[in-house]
There are 2 protein chains.
Amino acid sequence: MKTDEEKLEEARNKITTMMANTMDLYGIPPSIGRLYATLYFSDGPMTLDELKEAMGMSKTSMSTGVRKLENDHFINKVWEKGVRKDLYEAQTDFFKSFVAFYCKMWFREIELNMEAIKKAEPILKELTNSKNLEVKEKAQKDMVKLSNAKEYYEWLKTLVISLENGEIFDFIPKK
Amino acid sequence: MKTDEEKLEEARNKITTMMANTMDLYGIPPSIGRLYATLYFSDGPMTLDELKEAMGMSKTSMSTGVRKLENDHFINKVWEKGVRKDLYEAQTDFFKSFVAFYCKMWFREIELNMEAIKKAEPILKELTNSKNLEVKEKAQKDMVKLSNAKEYYEWLKTLVISLENGEIFDFIPKK
DNA sequence: TTGTTTGTACAGTTTTTATTGTATAAATAG
DNA sequence: CTATTTATACAATAAAAACTGTACAAACAA
């Protein structure tokens with residue numbers, strides 16, 4: 001017969017394991033996914049030393065882990081009066097994590113793409129007048145591809161904006 | 001003075017490098033990102049042997065690479081009359097890639113989550129009657145957290161559906 | 001049928017990423 | 001000011017992932 005403590009642990013373990021798996025989809029290694037789950041179930045913010053204790057891992061790993069999680073907006077650093085150590089708490093509002101994570105990622109993608117296109121397009125444009133007919137044709141085709149890419153990234157930018165200003169929730173309400 | 005062929009190569013390289021970087025955000029290693037770019041700029045579908053030649057990598061790597069890219073909906077396997085080898089072409093419609101990629105990923109995430117919650121919730125519910133007051137209180141708090149998670153995943157499911165049926169493009173038009 | 005071609009499984013290797021322990025700088029306490 | 005505490009930089013190690021060559025099974029050709 002299991003104690004109630006053990007049952008609670010069992011229930012939390014099911015969620016923790018799932019979180020470690022799903023965060024893997026976001027480029028977070030499983031161990032750091034479990035670190036997130038630890039914060040998710042914690043009653044309050046935790047210090048690096050408490051996390052180290054809870055996870056049975058080195059403090060260095062906790063330090064790099066929380067930095068990654070904070071960077072991806074899955075956790076926040078918080079401040080508490082009289083507490084000298086850094087404190088971290090899970091972002092339990094998944095809507096906020098979603099918005100912050102994808103806005104950042106997609107914005108970066110858009111930026112990199114537009115930058116590369118801005119460099120490549122003038123070269124291709126020039127080549128559409130090439131004496132070399134094979135190059136000329138390829139350049140023309142490439143221009144079309146880049147034009148399509150730009151259209152997509154314009155759309156993605158609009159999506160990012162609607163996430164940032166919350167208008168997406170007019171279209172797909174939170175219930 | 002550069003030849004026009006070299007200029008074309010230069011322009012394509014800028015895009016290729018960018019693609020290798022951005023596909024990294026999607027869990028695709030840079031070399032496989034360049035593999036995608038090779039198909040993206042190719043005039044037509046390519047075989048594993050042609051890719052091997054173009055990339056200067058082993059055929060085995062090409063085989064595993066295209067499998068990953070196909071699985072993530074960045075490329076398609078195509079069939080051509082009289083050609084015995086497998087042929088692959090890039091999905092140049094980024095809208096389609098976006099929809100297919102995120103529908104699959106988010107669907108999987110929703111599924112895993114709902115499954116874990118379905119297992120954990122009954123245990124927690126039982127514990128809300130625990131004699132152990134500390135456990136009882138924790139179980140109650142956890143129930144609230146899971147309830148919020150469910151709300152988010154319901155929303156995400158609606159988003160996936162609106163991507164699948166294209167209704168998202170009523171809200172955010174392609175232009 | 002037999003002989004080729006084609007894609008991939010598998011084992012071994014290289015490369016990259018994750019993890020740790022130690023050392024140290026910055027911040028705080030006394 | 002000096003002591004201590006705290007987080008992290010850094011180098012070393014462990015683990016995971018990417019990549020290759022070989023071997024082989026399935027598909028096709030003759």
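In what follows, chains are A, B, ... by sequence order, proteins preceding strands, each numbered from 1. All values derive from a computational prediction rather than experimental measurement.
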note: A:Met23, atom CE; C:dA18, atom P; distance rounded to Å ~ 14 Å
Distance to the ring centre below 6.0 angstrom and angle to the axis at most 45 degrees; does that hold for B:Lys77 and B:Tyr88?
no
Expressed in angstrom and rounded to an integer, what is the separation of A:Glu80 atom CD from C:dT28 atom C1'?
18 Å
Side-chain donor-acceptor pair under 3.5 Å between B:Glu109 and A:Tyr26, yes or no?
yes
Kindly indicate, with the supporting measurements, whether the criterion ring-ring contact (aromatic ring centres under 6.0 Å, His included) is fulfilled by B:Trp106 and A:Phe98.
CA-CA 11 Å; B:Trp106 289 337; A:Phe98 178 92; 5.5 Å; yes
Between B:Phe74 and B:Met23, is any pair of side-chain heavy atoms under 4.5 Å apart?
yes
Residue B:Ser58, side-chain atoms from C-beta onward, closest of D:dT20, D:dA18, C:dT19:
D:dT20
If you find the nucleotide of DNA chain C closest to A:Gly82 and the one closest to A:Pro29, which residue's nucleotide is nearer the 5' end?
A:Pro29
Figure out the CD1/C1' separation between B:Ile32 and D:dT20, and round it to whole Å.
13 Å
Nucleotides 1-9 of chain C: protein proximity per nucleotide (B base, S sugar-phosphate only, - neither; heavy atom, under 4.0 Å)
---BBSBSB
Quick check: are there more than 12 heavy atoms from other residues, nucleotides or ligands sitting under 6.0 Å from NZ of B:Lys150?
no
Regarding B:Glu151 and A:Lys175, does a basic nitrogen lie under 4.0 Å from an acidic carboxylate oxygen?
no
Without decimals, in angstroms, what is the distance between B:Met55 CE and D:dC19 C1'?
12 Å
Partner of D:dA23 under the Watson-Crick or G-U wobble criteria, both distances under 3.5 Å, comes out as C:dT8
A:Lys52 NZ to C:dG21 C1', in whole Å, measures 10 Å
Can you measure B:Met57 atom CE to D:dT20 atom C1' for me and round it to whole angstrom units?
9 Å
Do any side-chain nitrogens or oxygens of A:Ser31 fall under 4.0 Å of OP1 or OP2 in C:dT19?
yes
